[in-house]
Amino acid sequence: MQHSLVSAGLLVFSFLLVASLIAAYDGPLYDFTAYTECQAWPEKPLYGGGILKHQPPMVSQNNGKFAIGVYTPAFILYNLTQGTIYCFSSWVRIEGVESALITASLRTDNEMYNCIGTVLARSGCWSFLKGGFVLDSPSDVSILVFQNTDNKVIDISIESGALQPFTEEQWRINQQYIINTKRKRAMTIHVSDEHGDMLEGAEISLEQTSKDFPFGSAIASTILGNLPYQKWFVDRFNAAVFENELKWYATEPKQGKLNYTIADQMLEFVRAHQVIARGHNIFWEDPKYAPDWVQNLTGSELRLAVNSRIQSLMTKYKEQFIHWDVNNENLHFDFYEQRLGPNATLEFFLTAHQVDPLATLFMNEFNVVETCSDEKSTVDSYVARLRELKEGGVYMDGIGLESHFTVPNPPLMRAILDKLAALKLPIWLTEVDISSSQSKEMQAIYLEQVLREGFSHPSVNGIMLWTALHPKGCYQMCLTDDNFRNLPAGDVVDLLLKEWQTGEVEGQTDEHGSFSFYGFLGEYRIMVKYGNRTSNSTFSLSRSDETGHFNIQL
């Protein structure tokens, strides 16, 4: 990628500008608060209730997609505007059943938004629901309804409801504030002579050489021997995941006939270019993707086969992959658990950790942040599964969110990330793309929304695109054509990569022999000149709330 030449003054000015925007900003600050535990009493409403302040929920007869005659709590909302980002939260309690999935939906003048948030509520305590919506058209009168999705007649109580609107500009300011406080850091360079006297007017030239935040893409065997593809990839990304080449059906298509040749070559490629790689995947619960020979195994034969798979794969690649997706899409499918029992996934995690103790072991799932309409993969379903694994002894785990979007809902995505963040585990967006049902122009628009949400959420540790290039295109979304000319989505990625790097910086030390700048986290190369003296060095800018300091002696 082209490096932008930026003066230190401009960088400091940029930081001060954002800081002053926040200081002078009189709009709402986004509240990341979320709860995953059922509580005896509800907390106070976020944003003081926002536009629901002093408005208790009414009781409404349900005439939507659920059973006629069921009465549910609801809020009447007036004068909702198009394009405004509405963040919604409330506490929910149920009576009549032990637990139930409660869905918040919105009916406007001319449209039904079937899911703007969910919570798996329990009887006798209060559960936290957090979500949001963006309207496609304005609405004079709307109704926000809470419904039980399985049609059972239960009592639903709502407390501490909050609805906070953000304009697009307010949302962007909040995003930029997080980027500046979590993805960047102030740094001061001190230049002195051998006697310790500070040198004024020393010329500083520095450049970010690598980024702390992992941003990458899936690759396939098509990258091997393809020099233009390789150059395009390494010019942009510092992380990779193999699309299919590590999956069981690829490495052992016939029982006992292991073949890691392609995976080895791909690993050599990423290592040669200092690219980190995720391991995807050890097992896949979807029966369609189990090797043919595995589908005929049962009992002890299957158990022996899965143990051999873990031992073979993870021993061979021990400490080579930063993550492993241990059991892919376990919320939607249960091929192995049907045959080996409900503790199969737990055993996979425990065995994998024994073989490679330093790898972070991930659940990886779709339709968690993409939507709340999939009852199999609600945020509370994910939380409950992670808690089961933790209770079973898994402690070095991570949250993988595939992020295959059709139409993103930014405030819902952010709310779900907030709730997952309460678990204090690493969160990665692992397979980001936009459905091919969208035009290439709309793919680009929606992709930018998703990437900005991910990068500006303080608990997201990395982003992976699902854009491996094949002769017939990509899974859903390509960044380039076959000649590596950018498509609209590729333009978005390149612009964001440029926006999220420091580039080159030049300046001079002040009367105190100091030079300050504000940069993205990562590794830097610095050259200092003073008269006929020159010093070349490197330093790291790591996350901290304090200004970093680096001393150079000429």
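In what follows, residues are counted from 1 in the order of the sequence shown.
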Asks: Step through the shown structure and confirm whether more than 12 heavy atoms of other residues, nucleotides or ligands are within 6.0 Å of CD on Q55.
Replies: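 Correct, the count exceeds 12.
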Asks: The criterion is salt bridge (Lys or Arg N to Asp or Glu O under 4.0 Å); which residues satisfy it with D334, sequence neighbours excluded?
Replies: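 With neighbours one apart ignored, the set is empty.
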Asks: Could you pull out all residues at least two apart from K376 that satisfy side chain to side chain contact (heavy atoms under 4.5 Å, CB included)?
Replies: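 Once residues adjacent in sequence are excluded, the partners of K376 under the side chain to side chain contact (heavy atoms under 4.5 Å, CB included) criterion are H332, D374.
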Asks: Return yes if some donor-acceptor pair links the side-chain N/O of T84 with the main-chain N/O of F166 below 3.5 Å, else return no.
Replies: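 It does not hold such a pair.
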Asks: Which is it for Y30 and W171 under the ring-ring contact (aromatic ring centres under 6.0 Å, His included) test, yes or no, and what are the steps along the way?
Replies: CA-CA 8 Å; Y30 181 81; W171 195 255; 5.6 Å; yes
Asks: Evaluate whether atom CD of Q274 has more than 12 neighbouring non-hydrogen atoms of other residues, nucleotides or ligands under 6.0 angstrom away.
Replies: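 Not more than 12 within 6.0 Å, no.
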Asks: Can you tell me how far the CD1 atom of I463 sits from the CH2 atom of W428, to the nearest 0.5 Å?
Replies: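 It comes to 9.5 Å.
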Asks: Under the side-chain hydrogen bond (donor to acceptor under 3.5 Å, both in side chains) criterion, do D286 and N328 qualify, and how do the steps go?
Replies: CA-CA 8 Å; D286 188 340; N328 206 45; over 6 Å; no
Asks: Would you say the ring centers of F283 and W248 fall short of 6.0 Å from each other?
Replies: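 Judged by ring-centre distance (under 6.0 Å), F283 and W248 do meet the cut-off.
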Asks: Could you check whether F242 and F269 have their ring centres less than 6.0 Å apart?
Replies: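 No - the distance between ring centres of F269 and F242 does not fall below the 6.0 Å cut-off.
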Asks: Mind checking ring pair (Phe, Tyr, Trp, His ring centres under 6.0 Å) for Y524 and listing every partner two or more places apart, or none if nothing turns up?
Replies: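 By the ring pair (Phe, Tyr, Trp, His ring centres under 6.0 Å) rule, Y524 matches F517, F539.
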Asks: Would you please indicate if the ring centroids of Y289 and Y336 are separated by under 6.0 Å?
Replies: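 No, they do not, as the ring centres are separated by 6.0 Å or more.
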Asks: May I have all residue pairs that pass disulfide (SG to SG under 2.5 Å) and include part of residues 412-498, sequence neighbours excluded?
Replies: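 Output for this query lists C474-C478.
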Asks: Indicate yes or no for a side-chain donor-acceptor contact from N483 to the backbone of R485 under 3.5 Å, with no hydrogens or angles considered.
Replies: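 No, because the side chain of N483 does not come within donor-acceptor range (under 3.5 Å) of the backbone of R485.
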Asks: Start with the C-alpha gap between N114 and S373, add the side-chain angles, then the distance that decides, and say whether side-chain hydrogen bond (donor to acceptor under 3.5 Å, both in side chains) holds.
Replies: CA-CA 7 Å; N114 287 325; S373 297; over 6 Å; no
Asks: Between E285 and F335, is there a donor-acceptor pair closer than 3.5 Å when you use the side chain of the first and the backbone of the second?
Replies: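 Looks like yes, one N/O pair under 3.5 Å.
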Asks: Would you confirm whether N174, through its side chain, and P28, through its main-chain N or O, come within 3.5 Å as a donor-acceptor pair?
Replies: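 Yes.
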Asks: Using ring pair (Phe, Tyr, Trp, His ring centres under 6.0 Å) as the criterion, list what pairs up with F75, not counting sequence neighbours.
Replies: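 Counting only residues at least two positions away or on another chain, F75 forms no ring pair (Phe, Tyr, Trp, His ring centres under 6.0 Å).
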Asks: What pairs with Y229 under ring pair (Phe, Tyr, Trp, His ring centres under 6.0 Å), at least two apart in sequence or on another chain?
Replies: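 Partners of Y229 by the ring pair (Phe, Tyr, Trp, His ring centres under 6.0 Å) criterion, ordered by chain and then number, come out as F484.
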Asks: N364 and N281: side-chain donor and acceptor closer than 3.5 Å?
Replies: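 Looking only at side-chain atoms, N281 and N364 do not form any donor-acceptor pair under 3.5 Å.
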Asks: Do you know which two heavy atoms are closest between H457 and A421, and how far apart they sit?
Replies: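 That would be CE1-CB, 4.2 Å.
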Asks: Decide whether T103 and S105 meet the rule of one side-chain donor and one side-chain acceptor closer than 3.5 Å.
Replies: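 Absent: no donor and acceptor within the cut-off.
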Asks: Between Y518 (side chain) and N180 (backbone), is there a donor-acceptor pair under 3.5 Å?
Replies: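 Side chain of Y518 to backbone of N180: a pair is present.
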Asks: Is the closest side-chain heavy-atom distance between V432 and L401 below 4.5 Å?
Replies: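 In short, these two side chains do not touch, never coming nearer than 4.5 Å.
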Asks: Taking it one step at a time, do D380 and T378 satisfy side-chain hydrogen bond (donor to acceptor under 3.5 Å, both in side chains)?
Replies: CA-CA 5 Å; D380 289 313; T378 66; 5.3 Å; no
Asks: Determine whether a donor-acceptor pair (N or O, by modelled atom type, separation under 3.5 Å) exists between the side chain of E370 and the backbone of T406.
Replies: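 Pair absent, no side-chain N/O of E370 close to backbone of T406.
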Asks: Start with the C-alpha gap between H273 and F233, add the side-chain angles, then the distance that decides, and say whether ring-ring contact (aromatic ring centres under 6.0 Å, His included) holds.
Replies: CA-CA 10 Å; H273 294 90; F233 185 90; 8.9 Å; no
Asks: Hey, mind stepping through I158 and F146 against side chain to side chain contact (heavy atoms under 4.5 Å, CB included) and telling me if it holds?
Replies: CA-CA 9 Å; I158 302 297; F146 299 81; 3.6 Å; yes
Asks: Just do the side chain to side chain contact (heavy atoms under 4.5 Å, CB included) check on L447 and V493 with the steps written out, would you?
Replies: CA-CA 9 Å; L447 179 64; V493 169; 4.0 Å; yes
Asks: Grab the two heavy atoms, one from P73 and one from I156, that are nearest each other, plus how far apart they are.
Replies: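 It is CG-O, 3.2 Å.
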Asks: Does anything in residues 212-228 form a side chain to side chain donor-acceptor pair (under 3.5 Å)? List the pairs, not counting sequence neighbours.
Replies: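 Residue pairs with at least one partner in residues 212-228: S217-T467.
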Asks: Between T360 and D397, is there a donor-acceptor pair closer than 3.5 Å when you use the side chain of the first and the backbone of the second?
Replies: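 Checked: no pair found.
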Asks: Show me the pairs that pass salt bridge (Lys or Arg N to Asp or Glu O under 4.0 Å) and involve residues 432-460, at least two apart or across chains.
Replies: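 Residue pairs passing salt bridge (Lys or Arg N to Asp or Glu O under 4.0 Å), neighbours aside: R414-E453, E448-R452, R452-E499.
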Asks: Are H323 and F362 an aromatic pair by the rule of ring centers under 6.0 Å?
Replies: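 Between H323 and F362, the centre distance is under 6.0 Å.
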Asks: What closest approach, in Å, do A162 and P45 show between heavy atoms, and which atom pair accounts for it?
Replies: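 So the two residues come closest at CB-CB, 4.3 Å.
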Asks: Going by the rule disulfide (SG to SG under 2.5 Å), which residues pair with C87 if we only count those two or more places apart in sequence or in a different chain?
Replies: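 Disulfide (SG to SG under 2.5 Å) check on C87 returns nothing, list empty.
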Asks: I need the minimum non-hydrogen distance between F405 and P408, along with the two atoms involved.
Replies: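 For F405 and P408, the tightest heavy-atom pair comes out as CD2-CA, 3.8 Å.
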Asks: Could you go through L246 and W324, starting from their C-alpha distance and side-chain angles, then the distance that decides it, and tell me whether this counts as side chain to side chain contact (heavy atoms under 4.5 Å, CB included)?
Replies: CA-CA 10 Å; L246 282 171; W324 281 103; 4.1 Å; yes
Asks: Just by modelled atom types, is the S436 backbone N or O under 3.5 Å from a matching donor or acceptor in the Q476 side chain?
Replies: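 Such a contact is found between Q476 side chain and S436 backbone.
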Asks: Does the Q230 side chain pair with the main chain of I223, one donor and one acceptor, at a distance under 3.5 Å?
Replies: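 Between the backbone of I223 and the side chain of Q230 there is a qualifying donor-acceptor contact (under 3.5 Å).
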Asks: So which heavy atom on F520 is nearest to which on Q208, and how close?
Replies: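 Looks like O-NE2, 3.7 Å.
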Asks: Is the ring centre of H404 less than 6.0 Å from the ring centre of Y475?
Replies: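 Ring centres of Y475 and H404 closer than 6.0 Å.
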Asks: So, using ring pair (Phe, Tyr, Trp, His ring centres under 6.0 Å) as the criterion, who are the partners of F455 when residues are at least two apart?
Replies: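 For F455, the residues satisfying ring pair (Phe, Tyr, Trp, His ring centres under 6.0 Å) (neighbours in sequence not counted) are F213, W500.
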Asks: Considering non-hydrogen atoms only, spot the tightest contact between E243 and A220 and give its length.
Replies: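 Shortest heavy-atom separation between E243 and A220 comes out as OE1-CB, 3.8 Å.
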Asks: Hey, is the main chain of E111 close enough, under 3.5 Å, to the side chain of T108 for a donor-acceptor pair?
Replies: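 Side chain of T108 to backbone of E111: a pair is present.
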Asks: Looking at Y25 versus Y177, is the centre-to-centre ring distance below 6.0 Å?
Replies: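 When the ring centroids of Y25 and Y177 are compared, they turn out to be at least 6.0 Å apart.
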Asks: Take a 6.0 Å sphere around CD of Q295 and say whether it holds more than 12 heavy atoms from other residues, nucleotides or ligands.
Replies: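 Yes, the 6.0 Å shell around CD holds more than 12 heavy atoms from other groups.
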Asks: Which pairs of donor and acceptor atoms, one on a side chain in residues 128-139, lie under 3.5 Å apart (sequence neighbours left out)?
Replies:
from: K130; atom 1: NZ; to: D31; atom 2: O; distance (Å): 2.8
from: K130; atom 1: NZ; to: T33; atom 2: O; distance (Å): 2.7
from: K130; atom 1: NZ; to: D418; atom 2: OD2; distance (Å): 2.7
from: S137; atom 1: OG; to: N110; atom 2: OD1; distance (Å): 3.4
from: S139; atom 1: OG; to: D109; atom 2: N; distance (Å): 3.3
from: S139; atom 1: OG; to: D109; atom 2: OD1; distance (Å): 3.4
from: S139; atom 1: OG; to: D109; atom 2: OD2; distance (Å): 3.4
from: S139; atom 1: OG; to: V141; atom 2: O; distance (Å): 3.2
from: S139; atom 1: OG; to: S142; atom 2: OG; distance (Å): 2.7

Asks: So, using salt bridge (Lys or Arg N to Asp or Glu O under 4.0 Å) as the criterion, who are the partners of R385 when residues are at least two apart?
Replies: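 So R385 forms a salt bridge (Lys or Arg N to Asp or Glu O under 4.0 Å) with E337, E388.
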Asks: Do F321 and H280 make the cut of ring centroids closer than 6.0 angstrom?
Replies: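 Centroid distance F321-H280: not below 6.0 Å, so no.
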